Amino acid sequence: MMPRILPANPGAVPILVWARALPPGAEKQLRHIAAQPYAVEHVAAMPDVHVSSGVAVGTVFATEHHVVPGALGGDLGCGVSAYRFSAPETPLGRDVLEPLLARLARLVPVGDTVHRGRGVPLPPELESPPLSTQKLRHAWERLAPRHLGTLGGGNHFLELDRDAEGHVWLLLHTGSRGVGAAIADHHLRVAQAQGEGSLPGLSTRSPEGLACLADTGLACRFARANRDAIAARAVEVVAEALGVAPDPESFVDVHHNHVAEEPHFGRMLLVHRKGAVGLEAGQRGLIPGSMGTASYVVEGRGEPRAFRSCSHGAGRVLTRTEARARIRPAALEHAMRRVVFDQGRTASLVEEAPAAYRDITEVLEDEADLLTPLRRLTPIAVLKG
DNA sequence: ATGTGC
C-alpha cells in the first residue's frame, strides 16, 4: 500500500508518496526539491499534497546543513491548537451557539483586522527579540503588538466541535501574521541572492543560514503565542457561556510550516515541513478537515520513512479561483446546514467550501501507517478568518 | 498568508 516510491532521477533522491492522487503539478514540484543538491535520503509527500507557490504543500524533506526559506510556507509557525471541555448538561442549539459565536467574533479580531493604537502587550521574551536585521526588528516592533491575539484570514479559523462522547472542543488555526510574513519574505530574498540550488538553500555554516534559522524560530514562537493569546480569551468565554470547564490535560498544539533539527536515520537532519506535521510516536496531533467537515485528534506512529510526519489537513483540490468559479453559495449553505456560521459571508466563503478540499477520511486512510485517529470532532460553530 | 507598493 502506502507509500508509493517514485524512483530517483539521476542526481536526485527518491520521492515517497502517501497520496492516492498526486496532482501532476505537485509531482513536478516534488521532483524539483528531490533534485536539489542539499536534499538527503528522500522527499516525502503527505496525503494532502497539492501545488503551491514554489514547493507543494504537504512536502517533507531533510538537509544536513541547509535551510530552504522557500520550502516552509509563507505563514511560518502556522498551526492548530485544541482544548476539550466537559460535556454540557443542556443541548447546544442555535439559541446558545449563535450568541456565543457573536461574542467570540467581538473578542477576536478576524481577517485583516488588527488591534488599534499601540496594540496589546507582548510576553516579555517576545518584546524585542534578537532578530537578525534592523529592518526586521522594526517590522516586529510595529506589527507584533498589533497582531498578537488576532486570527488573520484565508483558511484560519476558530471553531467549536463535538466528539462522540459529547465533549465540546475549541479548535483554533492561525499563524505568525505580519511578523512571520516579514521574516519569511526577508530570508526568501537573501536565499534568492546568495543561496545554493535552483530552489535556493542557505548553508547553516554561514551567518545568513544561522540568521534564517533563528528568525524562523522566533516567527514560530510568535505564532504559538498568538494561538495562546486567542485561546486564553476564547476558552474563558466558552466556559462561561456553556457552563463547562476546560480539561487542562486535553491541550494539543501542532505547527505545520517549520524547519526543525531532528535525529533521523542515525544523524541530525534539518527537516523542512511545508503544510505537514511532525509527530513523535505516541505524540498527539490535530488534523483539521475543511470548513463544515470533521477534524481529528490523532496520535503519531513515528514512521521513519515519513520523517515522523503526517498531513496537516484535508488539502485543496480546487484553487481559490477555481472554487469561486465552480462552487455555488447554495452548495456551501447546504454543506454548512448543521453548523452555526456567519451566513452573510457565504458568497466569499465558497473558497473554503468542503468541495474545494479533499475528503478528510480518504486523507486519513492514506496515512494509516503514519498516525492513529483518536477522536473525530464534528463542527458545530465556526468563525472564519 | 501577508503588508506594501503599484
Side-chain angles (χ1 to χ4, degrees), chain A residues 29 48 50-59 68-81 108-119 131 133-158 172-192 212 215-216 218-227 229-230 254-259 272-277 288 290-291 312-316 318-324 345 348-352 356-357 382-385:
Chain A
Q29 292 187 316
D48 56 340
H50 60 276
V51 172
S52 177
S53 151
V55 173
V57 167
T59 299
V68 189
L72 303 175
D75 188 2
L76 297 170
C78 185
V80 188
S81 286
V108 181
V110 301
D112 56 12
T113 316
V114 299
H115 302 297
R116 289 186 196 174
R118 288 157 64 192
L131 287 154
T133 71
Q134 175 61 35
K135 191 189 69 174
L136 286 178
R137 288 191 291 273
H138 185 246
W140 184 289
E141 194 180 305
R142 195 167 49 85
L143 298 174
R146 286 200 267 156
H147 284 176
L148 186 75
T150 66
L151 194 65
N155 54 9
H156 292 168
F157 65 78
L158 188 156
L172 170 59
H173 176 205
T174 188
S176 52
R177 311 285 284 105
V179 292
I183 289 168
D185 185 59
H186 171 74
H187 291 289
L188 210 53
R189 283 167 201 267
V190 173
Q192 276 158 1
C212 177
D215 291 349
T216 298
L218 284 168
C220 288
R221 280 159 61 192
F222 182 85
R224 173 59 195 275
N226 191 31
R227 290 194 289 279
I230 294 173
V254 292
H255 53 167
H256 49 233
N257 288 342
H258 73 137
V259 55
H272 292 63
R273 298 187 178 90
K274 177 173 176 179
V277 169
S290 58
M291 179 184 178
H312 85 310
R316 274 193 177 276
L318 299 182
T319 65
R320 291 183 177 278
T321 311
E322 286 167 343
R324 278 199 303 275
R345 291 173 56 202
S348 59
L349 285 175
V350 292
E351 292 180 9
E352 288 294 321
Y357 286 84
V382 181
L383 178 65
K384 284 295 288 188

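Just so it is clear: chains get the letters A, B, ... in the order the sequence lines come, proteins before strands, and each one is counted from 1. In this text the structure is predicted, and so the values were computed from the model without any measurement.
Within the 4.0 angstrom heavy-atom criterion, only backbone atoms of the sugar-phosphate kind lie near A/Gly152; the bases stay farther away. Note on A/Asp185: nothing from the nucleic acid sits closer than 4.0 angstrom, heavy atoms only. Across all strands shown, A/His147 has heavy atoms under 4.0 Å from sugar-phosphate atoms exclusively, and none from any base. Using a 4.0 Å heavy-atom distance criterion, A/Arg142 is classed as a sugar-phosphate-only contact.
Under the 4.5 Å side-chain criterion, counting only non-hydrogen atoms from C-beta, A/Thr59 is not in contact with A/Gln29.
At least one donor-acceptor pair closer than 3.5 Å links the side chain of A/Asp48 to the backbone N or O of A/Gly313.
Partners of A/Arg142 under the side-chain contact (heavy atoms from CB on, under 4.5 Å) rule, at least two apart in sequence or in another chain, are A/His138, A/Arg146.
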Output, in order, the C-alpha distance, side-chain angles, deciding distance and verdict of side chain to side chain donor-acceptor pair (under 3.5 Å) for A/Asn226 and A/Thr150.
CA-CA 7 Å; A/Asn226 191 31; A/Thr150 66; 4.8 Å; no
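No option in A/Arg316, A/Lys384, A/Arg320 other than A/Arg320 meets the side-chain hydrogen bond (donor to acceptor under 3.5 Å, both in side chains) test with A/Glu351.
Taking 4.0 Å as the cutoff to heavy atoms of chain A, we find the contact window on DNA chain B bounded by B/dA1 to B/dT4.
Residues A/His256 and A/His173 bring their aromatic ring centres within 6.0 Å.
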